[in-house]
Amino acid sequence: MATTPSFRDELRRVLTPFESATPLPRAAFTDPEFFELEQRTLFDNAWLPVAHVADLVRPGDWVRAPLLGEHVIILRDAGLEVSALSATCTHRGTLLVEGDDGHLETLCLTCPYHGFTYATDGTLLAAPGMEGRQRPPGLSRLRVEIQFGVVFVNRDPEARPFDTCWEGGPPWLSRAALWNLERSRRTDHEVNANWKVLVGNFQESHHFTRVHPGLEGKTPWSASASVIESEAWLGGTMELADGFETVSESGERQGRPFIAAVEDRRRVHDALVLPLWFTSLQPDYLLTYRLAPLAVDRTLVVAEIHVHPGALSPPVNLEDLFTFWDRTNAEDRAICELQQRGLSARRLATSCYTESEDGLHAFERIVAARCLAAPHEPGGIA
């Protein structure tokens, strides 16, 4: 169990220098107690990616935030701002909306139980039956920030602003022309694996030769390198093989304008923005992946492709990208689920990192350190 002294010792071994460190123990991927601990130590005061502004076009548009144990909606309010509100009535806790998305025609939220009504900023507008009584509060709000069209929320009112936590972000993103990108593709899928299995898969390219022959031919893993400069984000680069302009079925841009800076156009630049957002800057498009842990062995992945507006008009070909990444994402899903099945073996003891897994080690060090720092309490680490 995650609360035993031996488990704490295993976490400490993750913190040793890379040459001698051992990976996170099996229980870190399978134990519900450890999963609950992560909610408090890694997620409760973090900026979490939950939506995209492309899904919030009109005032009244809303989407449900995939936050474990929470009922929160992200909406375009009457003032055209993006807000995050609790979606439970303050009268008796009834859910105010059903489904994953919708539109508020009246620009207000009305409880289906007793008719309590709230404005899109959370203000209580009507409380039937409360005449002469102290009215309940309005809906609680979460902090919201937007980066490259992605909506982030933070449940901690005292947390540092996103810009501070971001620590400037990967320099290649700052150099790129990302301010006017358009989302051209969104695909959602659930992976039957712990969220850290997906992060580990993203943090190394050693698996390309066996899992992603299409990627290996265009960005060989032997020409990859980790970029470890911050605990806010962890990056990596991959060189484009000779004869290829980009990563796609054809390996050609096919009319898509560059978005990467001139000095970055012969590499792919990846970055994990901790804890749950992946970015992959290609010469002519930006991939992003939003993770949402749903259970200890189940993770929602929202994969999005963003392009220059000039790539949205014929005869520019985007299917060249969509086909490639649909297949590659399916390959990642399959291998992550296979790893999770292997991690379920009770006697498993993972033993080492390979030489190219320094980025994975950097991530697992952060997880181990934060969980070891948790106070000794029920669900903590003894």
Heavy-atom donor-acceptor pair, Ser230 side chain to Ala232 backbone, under 3.5 Å
yes
Please determine whether the number of non-hydrogen atoms from other residues, nucleotides or ligands lying under 6.0 Å from atom CD of Glu355 exceeds 12.
no
Residue among Trp47, Phe162, Trp166 satisfying ring pair (Phe, Tyr, Trp, His ring centres under 6.0 Å) with Phe152:
Phe162
Determine whether more than 12 heavy atoms belonging to other residues, nucleotides or ligands lie under 6.0 Å from atom CD of Glu70.
yes
Can you confirm whether or not the ring centre of Trp172 sits under 6.0 Å from the ring centre of Trp233?
yes
Tell me if the CZ atom of Arg341 is crowded by more than 12 foreign heavy atoms within 6.0 Å.
no
Within the side chain of Arg267, is there an N or O that forms a donor-acceptor pair under 3.5 Å with the backbone of Leu240?
no
Please confirm whether the backbone N or O of Phe363 pairs with a side-chain atom of Gln203, one donor and one acceptor, at under 3.5 Å?
no
Run the ring-centre check on Phe7 versus Phe34 and record whether the distance is less than 6.0 Å.
yes
Checking Thr299 side chain against Ala193 main chain: does a donor-acceptor pair fall under 3.5 Å?
yes
Measure the shortest side-chain to side-chain distance between Tyr285 and Trp325 over non-hydrogen atoms and say whether it is less than 4.5 angstrom.
yes
Would Glu182 and His306 count as a side chain to side chain contact (heavy atoms under 4.5 Å, CB included) if you check the C-alpha gap in whole Å, the side-chain angles of each, and the deciding distance to 0.1 Å?
CA-CA 5 Å; Glu182 297 280 351; His306 315 265; over 6 Å; no
Apart from Ile73 itself, what residues make up its hydrophobic cluster, given side-chain heavy atom links below 4.5 Å?
Trp62, Leu75, Leu85, Leu96, Val97, Leu104, Leu109, Phe116, Tyr118, Leu124, Met130, Leu139
Does a sphere of radius 6.0 Å around CD in Glu263 hold more than 12 heavy atoms from other residues, nucleotides or ligands, not counting ones at 6.0 Å or beyond?
yes
Please work out which of the three classes, parallel, tilted or perpendicular, describes the rings of Tyr353 and Phe18, given edges at 30° and 60°.
tilted
With the side chain counted from C-beta on, respond yes when Asp297 and Thr30 share a heavy-atom pair under 4.5 Å apart, and no when they do not.
no
Glu357 side chain to Thr354 main-chain N or O, any donor-acceptor pair under 3.5 Å?
yes
Treating Ile, Leu, Val, Met, Phe, Trp and Tyr as nodes and any side-chain heavy-atom pair under 4.5 angstrom as an edge, say whether Leu300 and Leu291 lie in one connected cluster.
no
For a quick check under 3.5 Å, do Thr88 and Ser86 share a side-chain donor-acceptor pair by atom type?
yes
